[in-house]
Amino acid sequence: MTTITRFAPSPTGLLHLGNIRTALINWLYAKNSGGKFILRIDDTDQERSKDEYISQIKYDLEWLGIDYDETFNQSSRFERYKEQFEKLKSDGRIYACYETPEELERKRKLQMAAGGKQVYDRSALKLTEQQIKDYENDGRKPHWRFLLQTERMKWNDLLKGEIDIDLTSLSDPVLFREDGVPLYTFSSAVDDVDYNITNVIRGDDHTSNTAVQIEIINALDKNKISFAHHALLKASTGDKLSKRDNVISIDSFRKDNIEPISILSLLATIGTSNSIELKSGIKQIIEEFKLETISTSPGRIEIGVLKALNKKQVQKFDYEEIQSRLTEIDENVDKKFWDTIKGNLETVEEISSWTDIVFNSKPAESDDKDYIKLALELMPEEPWDDDTWTTWTNAIKEKTGRKGKELFLPLRVAFTGLTHGPEMKLLIQLIGRDKIVERIQT
RNA sequence: GGUCCCUUCGUCUAGCGGUUAGGAUAUCUGGUUUUCAUCCAGAAGAUCACGGGUUCGAAUCCCGUAGGGACCGCCA
């Protein structure tokens with residue numbers, strides 16, 4: 001049987017490290033076993049779903065290199081949900097409820113005050129025909145609940161092991177709203193069955209929900225789906241992740257010029273027993289993927305690790321790989337320029353600060369003017385090569401008796417305005433004699 | 001309140017009854033680079049949340065406690 005997994009985001013916000021991790025795990029699980037991966041947009045709640053988020057989600061996935069064999073929107077399947085709803089209804093698994101949200105809220109508060117279970121009391125089941133008629137005459141429309149019959153739902157979770165949930169501690173789930181809109185608990189179960197999903201891998205927050213869904217799936221069909229629940233990720237502070245937490249959205253990382261492979265490498269590492277390292281590409285991540293390496297305890301997102309991985313990737317780039325990106329930043333960036341500068345970059349786009357230093361004359365104030373003046377006098381004529389710097393500084397050394405930091409640091413500052421940077425013997429060739437003279441003389 | 005789950009170096013983790021508790025990363029030191037980064041070599045870093053029990057022997061099994069998380073919605 002072919003493995004089929006799915007990622008089912010609701011388009012109510014941006015994708016972040018947490019939910020993209022779930023997507024990646026599902027994608028890798030499918031890829032690793034030669035299976036299929038489906039992108040399902042859970043947009044049954046039309047009020048909260050936004051088209052812009054749908055395109056953003058697809059763009060983020062594409063940018064990261066996570067492709068899908070098939071995609072569909074739940075909003076296109078309302079008829080099918082209705083059909084399956086009728087089936088469950090005729091099987092007597094669904095019953096009509098007439099409580100308003102306010103009434104339900106009041107019940108919950110009462111239950112909480114009494115210290116009992118906050119579970120729906122099934123009073124709708126005891127309604128007389130007359131009471132129902134009265135509600136209907138009042139203009140109330142029913143919402144529909146699924147009658148939970150299992151006391152304890154057990155399954156073998158691929159990540160958490162044997163799970164045993166007390167279903168009597170959970171309310172009968174509402175499957176259809178008063179306005180006829182199917183709820184996630186139901187539409188998801190219908191789709192997972194219809195699309196022959198073999199493995200549902202999702203966050204730990206769905207664990208008790210899974211108990212409910214298994215019973216629904218069993219009522220629809222024979223359950224053949226294997227479930228796995230991974231621990232959620234925590235923010236670096238130890239707090240839970242939020243959809244509104246923009247600092248970890250994929251979009252924000254892209255805007256910060258973080259490379260996709262850096263994000264993928266972090267995701268393939270965090271909360272797993274894998275070594276923290278930069279991966280060579282998505283292919284390596286697929287090959288190395290093992291579901292069992294994913295931990296059941298929540299991992300912390302360390303942005304510092306992401307940045308370190310990205311830095312490694314930047315320094316790994318060959319000029320040819322990113323030539324168009326570089327020349328777009330500055331057309332004068334050639335291979336020599338890139339190779340000289342890349343060791344000092346954390347993102348590719350940071351190169352712009354160096355094109356500025358190299359190409360635009362930026363005179364730096366020196367408090368060591370006499371020394372700089374002397375250096376100018378001793379500066380070799382062009383053409384310059386890799387030995388020029390040594391020849392030059394040796395001459396200065398001889399004349400002044402300076403050595404080490406005293407010798408070179410004032411020069412670096414005078415040429416670049418910075419106390420650190422690429423190797424001087426290469427950098428001075430990039431800047432060139434004319435510009436250096438210009439800078440020193442100012 | 002109920003249900004389910006988690007807790008091992010700063011961080012991510014290995015560990016499945018006998019280990020000097022291993023690795024990765026970060027940190028520090030030395031070497032290389034006449035700076036920084038890279039690279040190489042090395043070091044330090046964990047009373048295995050706490051308490052009890054089982055056992056000749058517990059990070060590992062059992063019970064309890066504490067801390068943390070998820071869910072308990074006409075959201076997903």
Side-chain angles (χ1 to χ4, degrees), chain A residues 8-13 19 42-45 47-49 74 97 99-101 104-105 108 111-120 141-145 152 157 160-161 163-171 173-185 187-188 202-212 229 231-232 234 236 238-240 243 266 269-277 293 295-302 304-305 308-309 311-312 315 342-346 389-390 393-394 397 402-409 411-413 418-425:
Chain A
S10 68
T12 54
N19 41 36
D42 283 7
D43 58 349
T44 49
D45 188 340
E47 273 157 42
R48 302 201 314 148
S49 299
Q74 287 197 317
C97 302
E99 295 91 344
T100 63
L104 290 171
E105 183 62 23
R108 271 193 293 272
Q111 285 172 327
M112 196 173 354
K117 289 182 176 180
Q118 293 170 52
V119 171
Y120 178 61
K141 280 187 175 168
H143 57 277
W144 303 84
R145 287 187 191 262
R152 300 203 71 93
D157 194 281
K160 297 174 75 152
I163 302 284
D164 184 359
I165 304 267
D166 179 5
L167 269 186
T168 64
S169 72
L170 264 25
S171 296
V174 174
L175 262 32
F176 266 73
R177 300 202 308 210
E178 180 193 322
D179 61 4
V181 172
L183 261 8
Y184 164 82
T185 310
S187 54
S188 178
R202 67 213 318 196
D204 207 12
D205 51 340
H206 283 282
T207 306
S208 41
N209 187 242
T210 293
V212 171
H229 295 86
L232 300 172
K234 290 187 295 187
S236 50
D239 297 328
K240 65 172 279 192
K243 267 198 177 177
L266 176 75
T269 300
I270 196 168
T272 76
S273 53
N274 301 326
S275 293
I276 299 170
E277 63 178 8
T293 61
S295 168
T296 49
S297 56
R300 210 176 264 247
I301 295 169
E302 294 282 344
V305 174
L309 290 172
K311 186 173 182 174
K312 285 204 169 84
Q315 303 185 356
K342 68 178 179 183
N344 290 77
L345 266 26
E346 293 201 352
W389 175 249
T390 312
T393 50
N394 276 340
K397 190 199 292 187
R402 293 198 190 197
K403 56 182 180 180
K405 271 192 171 165
E406 285 224 297
L407 175 73
F408 67 80
L409 201 56
L411 297 172
R412 176 183 285 280
V413 172
L418 297 173
T419 54
H420 59 89
E423 265 193 86
M424 284 305 283
K425 70 170 187 182

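The shown structure was predicted, so the numbers you read here are calculated from the model rather than taken from an experiment.
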Residue [X], side-chain atoms from C-beta onward, closest of [options]:
X: A:Ile276; options: B:C75, B:C74, B:U11; result: B:U11
X: A:Phe408; options: B:A26, B:A76, B:U35; result: B:U35
X: A:Arg152; options: B:C74, B:U3, B:U35; result: B:U3
X: A:Arg145; options: B:U7, B:C74, B:U33; result: B:C74
X: A:His420; options: B:A37, B:U25, B:U35; result: B:U35
X: A:Lys160; options: B:C5, B:U34, B:U25; result: B:C5
X: A:Thr207; options: B:U11, B:C4, B:C36; result: B:C4
X: A:Ser171; options: B:A70, B:C4, B:G73; result: B:G73
X: A:Glu423; options: B:U13, B:C36, B:A26; result: B:C36
X: A:Pro101; options: B:C74, B:A76, B:C36; result: B:C74

Is [N] paired to anything, Watson-Crick or G-U wobble with both distances less than 3.5 Å, and if yes, which nucleotide?
N: B:A43; value: B:U27
N: B:U65; value: B:A49
N: B:U19; value: none

_Distance check needed: B:U11 P versus A:Leu309 CG, whole Å only._
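Taking atom P of B:U11 as the reference, CG of A:Leu309 is at 18 Å.
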
*Rounded to the nearest angstrom, tell me the gap between atom CD in A:Gln74 and atom P in B:C75.*
14 Å

*Taking the side chain from A:Asp166 and the backbone from A:Arg152, do they hold a donor-acceptor pair closer than 3.5 Å?*
no

*asked:* Work out how far the P atom of B:G23 is from that of B:G64, and round it to whole angstrom.
replied: 36 Å

*B:U38 and B:U33: how far apart are their C1' atoms, nearest whole angstrom?*
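After rounding to an integer number of Å, I get 9 Å for this pair.
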
Verify the contact: side-chain N or O of [X] to OP1 or OP2 of [N], cut-off strictly under 4.0 Å; return yes or no.
X: A:Thr44; N: B:A76; value: yes
X: A:Ser208; N: B:U3; value: no
X: A:Arg412; N: B:C36; value: no
X: A:Arg48; N: B:A76; value: no

*Ring-on-base stacking between A:His206 and B:A76, under 5.5 Å between centres and under 30° between planes: is it there?*
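Here the ring of A:His206 and the base of B:A76 are stacked, with centres under 5.5 Å and planes under 30°.
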
*Which sits closer to the 5' end of RNA chain B, A:Tyr120 or A:Gly271, going by the nucleotide each is nearest to?*
A:Gly271

*Residue whose closest nucleotide on RNA chain B lies nearer the 5' end, A:Tyr184 versus A:Asp205*: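 Closest to the 5' end, via its nearest nucleotide, is A:Asp205.
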
*Name the nucleic acid region contacted by A:Asp164, choosing base, sugar-phosphate or nothing; use a 4.0 angstrom heavy-atom cut-off, strictly under.*
sugar-phosphate

*Encode nucleotides 61-67 of chain B as B, S and - characters from 5' to 3', where the letter depends on protein heavy atoms closer than 4.0 Å: B to the base, S only to sugar-phosphate, - to neither.*
-------

*Is there a side-chain contact between A:Thr185 and A:Val174 (heavy atoms, below 4.5 Å)?*
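The answer is no, as the side chains (C-beta and beyond) never meet within the 4.5 Å cut-off.
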
_Pair A:Ile301, A:Ile270 - check side-chain contact (heavy atoms from CB on, under 4.5 Å), show working._
CA-CA 7 Å; A:Ile301 295 169; A:Ile270 196 168; 3.9 Å; yes

